[in-house]
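Numbered from 1 within each chain, the chains take letters A, B, ... in sequence-line order.
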Amino acid sequence: MTLLDVSNLSIGYRLRDRLIKAVDSVSFSLEPGKTLGFVGESGSGKTTIGMSLLRLLPENASVLSGSIRFEGRDVYSLSDESLRAIRWKKIAMIFQAAMNALNPVQRINEQVAEALLIHHPKMSKRDALARTAQLFESVGIPENRHADYPHQYSGGMKQRAIIAMALICQPLLLIADEPTTALDVIVQGQILKVIRAIQQEMAIAMIFISHDISVVADVCHDIAVMYGGRIIEAGQRSEILETPAHPYTRMLLASNLTLSDHSFDMPTVHQSRKANIRHLGSTKENDMCPFVCHCRQITDHCQATPQKWMVLSSSHRVFCNNIAGDLTK
Amino acid sequence: MGMRKYILRRMVGVIVVFFIILTALFILFRLAPGDPVSRMVDPSLTPEDAAYLIDQLGLNQPLGIQYIYYLKNVFTGFMGISFHYGQPVTEIILDRLPNTIYLFTTSVILSALLGIFMGKIAAWHRETKIDSVMTIVALFCHTLFLPWLALIMIWFFGYRVGWFPLSGMISPEVWVTPGTSSIIKFLDVLHHMALPLLTLMIIHYGSYLLIMRSSMLDTLNEDYIITARAKGLDEKSIRDHHAAPNAALPLVTSVGLSLAFSINGGALTETVFTWPGIGRELVFAVSSNDYPLAQACFLLIAGVVLMANLVVDVMYAYLDPRIRY
């Protein structure tokens, strides 16, 4: 059974008189044990999707249309109580601002154990702490540091503790929102290793959100590329990396320099947010290309007509109608 | 560095500051306009008696020697004899101090608890009617003029409705009756305390409410609150176990210092309610040139405020693990 099925999801933020559509008609699904990576720049709607899965959107955000079904149940029509039962036990999250995600006045192992105790009220605190200690060992936090406070940890250690916290209830789905962004490259490598090992060992489905396509490529089975609130291309990892179809995906991959690459003519994308600001009330579906202002392959046709999904393979689809005959490179 | 070393270091600091205050007080009282000798010695005495008294009081000694005597007296707990009462100053203070502490310490603790609780609720219901009503009432109460409110309270609850006594701390007839149990005596003091206590709470709870509210609003935006929600905690636990303890931290200082200042009482409150405490005594001592009594009161207040500062800092270090000492 499909674990998570998101269809036609649109989310908007109210700002006084305006409605900003942060997520626009996004659909994807996730099978148990699989990893889906969302890649895109700041403001492309990745985090908003992640937060919406747990119904953790800020007060001024609302789901405008579409549905999120987890294990067949619509997350947004759950009662508060059933929602709380799903939170962390079934869907856990590694937050973007992991550095501040821990309560500064509580001991770290107690905060982690708390998650376990919420969902297993009969468990004793001692057992919960013992389970926490076990998990801390496996993510590489030394025993004498388990009962420290958050400020005593380095960034990498906090991230390890947060990963342990996300795993403590053995969730079915883990949402990792930029889990390594605040870390330096070496620690980033270590943390990714921990995440990969756990993912393989526990077979947890994962949604991995990052602006860094190389990190996503490292961890994920499937990749969805986002721009301006939309998924503009989605497919298996090999399809996205080897036969990128959307002009934006290509620019993104080309901007990822390697040492052997001697061309310093790096393509850049200038983002203009105006593209996804719509006036309040106009929630009319708008299927114009979000990338139209910055595309190098733009034609008159792109600006004038709504785009349709092009299906390139059973798993690979692209939201651009200007790629025909251009797939080989 | 350990907590112990931190406390020790802070105590050394407190002692140094206390010495400075001690010296400043000594100098200030000798700088007071007029000849201290003529103020301290009754002009109606014969010159021989006056000379004898001056000799007795050590006022003919050089200032340096006087200072050493002064220090010696402070550290042996002898603060002189009150000009007005003719009793050792320490006895007078020890007699009045508990009365002040009963009333003002209770009022600080109760207003803080009330303010913190209501501030938490107001922040939780931010931008709703509950929040605006609570905030406006708190602001209104906070700006009331204390003596006016005190008189209104006395007029209404003491006179019109007659629920509480008009003034004083005890009803003498209750206390002189032999065989009155201590519970009855306690209730009698409580009965007298109700009005001043209520007045002080109305004036002071608002500031705690406002501090707690804004601190709580900041805390509710923190990422760890989202974490707590994501973990599946119910809203009440998030508010009480994750937000409130963090939000209440900035109040430790203000409550601690208010507690310290509560020992000097409130001259206004104590005067309006004829509460026999330190505040009233201090005003009386200053206005009647009772130097030893005034000096002792000032020293006491300085000492307690210093100690309270120390206690607040230590408490901070204990409550907030991020504080490095």
Indicate yes or no: at least one non-hydrogen side-chain atom of B:R126 is less than 4.5 angstrom from one of A:E59. yes
Is the number of heavy atoms from other residues, nucleotides or ligands under 6.0 Å of [X] [atom1] greater than 12?
X      : atom1 : answer
A:K158 : NZ    : yes
B:I183 : CD1   : no
B:H142 : NE2   : no
A:M123 : CE    : yes
A:Y149 : OH    : yes

Check each atom of A:L54 against the heavy atoms of chain B and say whether the ones under 4.5 Å are side chain, backbone, both or neither. side chain
Checking an interface table here. Which of residues 218-244 of chain B come within a heavy-atom distance under 4.5 Å of chain A? B:D223, B:Y224, B:I226, B:T227, B:R229, B:A230, B:K231, B:G232, B:L233, B:D234, B:H241, B:H242
With a strict 4.5 Å heavy-atom criterion, list every residue of residues 69-87 of chain A that contacts chain B, or say none. A:R84, A:R87
Go through A:I162, A:I118, A:I168 and name the one with the most non-hydrogen pairs under 4.5 angstrom from chain B. A:I118
